[in-house]
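A quick write-up on the structure given underneath.
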Amino acid sequence: MNQFKYILMLIAGAIFLSSCEEVIDLKLDTASEKYVVEAQLTNQIGGAKVLISKTKSYSSSNDFVGISGAVVEIENQQGVVTRLNESSNKGVYTHLTLSGMPGQTYRLKIVVSGQTFTSSSVMPAIVPLEDVYPYELNLFDGPRLFTQVKYKDPAGVKNFYRFIEYKNGVYTKSIIAANDEFTNGRTVNQTIFPFEFTEESKLKKGDKIKLEFLTIDEPVYKYWFSVDNGAQGGSDSAAPANPVSNIKGGAIGYFSAHTLQTKEYTVQ
């Protein structure tokens with residue numbers, strides 16, 4: 001008898017659960033489009049590059065769709081203005097010889113479809129990159145290799161850094177920005193953690209790793225910090241949000257005048 005009651009309870013529970021099924025139609029608001037600016041000037045020859053696009057709706061693809069026809073100019077501290085040229089890739093503006101000098105302030109101006117966007121960025125002093133090498137840590141899924149970056153932070157001045165890692169020629173999507181709040185004047189060994197801890201993101205024997213080491217100014221650091229902690233819905237943010245931009249005029253994005261150093265190694 002008890003077994004029969006148990007079976008009846010199971011049947012009743014299944015009927016109740018099936019009756020609660022409901023198709024929920026989420027009505028997502030469509031925000032107005034904004035221009036997106038991704039601009040950089042490095043201390044390397046030909047290090048000027050500006051990408052201009054627009055924001056997309058939630059349901060759109062994540063492919064880059066550039067905006068043509070913009071006037072893009074970078075002005076140095078002496079008032080010399082250089083116009084960038086649109087490349088064969090739509091919405092990508094570059095210059096073959098333009099480079100920046102550490103300690104100088106640079107200004108960006110973009111005019112597109114009757115709108116004007118401006119920004120400025122200070123290129124910090126070079127902090128020598130000492131070494132880049134593989135480093136093993138034991139984590140929840142066992143031993144795993146990571147890229148380690150070694151440099152000496154200069155004492156007595158605020159410094160901000162960004163690290164960009166490529167594995168076999170592909171950007172690993174790691175978003176690593178750091179300051180020297182707790183490392184001022186010290187030798188730093190910075191571990192580059194992957195965007196996601198997956199089997200595919202593991203470093204394996206034979207992988208060719210390239211690490212770009214950037215010294216950036218504080219507004220650019222705040223941009224990348226907010227991307228890491230807010231735009232992706234990190235632990236400090238209740239929901240994804242636009243990152244802190246240093247672009248004025250209504251566009252989102254950033255303009256970064258930074259120094260660039262690169263080192264490579266092969267995982268043994």
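These numbers come from the heavy atoms of this one structure, side chains and all, not from hydrogens, waters or symmetry mates. The residues of the chain are indexed from 1 along the displayed sequence.
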Hits for side chain to side chain donor-acceptor pair (under 3.5 Å) against T183, two or more places apart or cross-chain, chain-then-number order -> none
Applying side chain to side chain donor-acceptor pair (under 3.5 Å) to Y93 and not counting sequence neighbours gives none
Taken to the nearest 0.5 Å, the spacing of N43 CG from L214 CG works out to 9.0 Å
Heavy atoms, side chains only, cut-off 4.5 Å: are N76 and Q104 in contact? no
One should read off an interatomic distance between F163 CZ and L211 CG, to the nearest 0.5 angstrom, of 7.5 Å
Counting N and O atoms only, with roles assigned by atom type, does the side chain of N168 sit under 3.5 Å from a partner on the main chain of K208, one being a donor and the other an acceptor?
yes
Subject >> Heavy atoms of other groups near K204 NZ, more than 12 under 6.0 Å >> reply: yes
Please tabulate, for the side chains in residues 128-135, all donor-acceptor contacts under 3.5 angstrom to protein atoms that are two or more places apart in sequence or on a different chain.
residue, atom, partner, partner atom, Å
Y133, OH, N189, OD1, 2.9

| query | Do the ring planes of F193 and F146 sit parallel (below 30°), tilted (30 to 60°) or perpendicular (above 60°)? | reply | perpendicular
**Asked** Checking Q40 side chain against K49 main chain: does a donor-acceptor pair fall under 3.5 Å?
**Response** no
Atom CZ of R107 with >12 non-hydrogen neighbours under 6.0 angstrom
no
All heavy atoms of L203 vs all of K167, minimum pair found to be CD2-CD, 3.7 Å
If only atom types and distance count, is the side chain of N179 paired as donor or acceptor with the main-chain N or O of K158 below 3.5 Å?
no
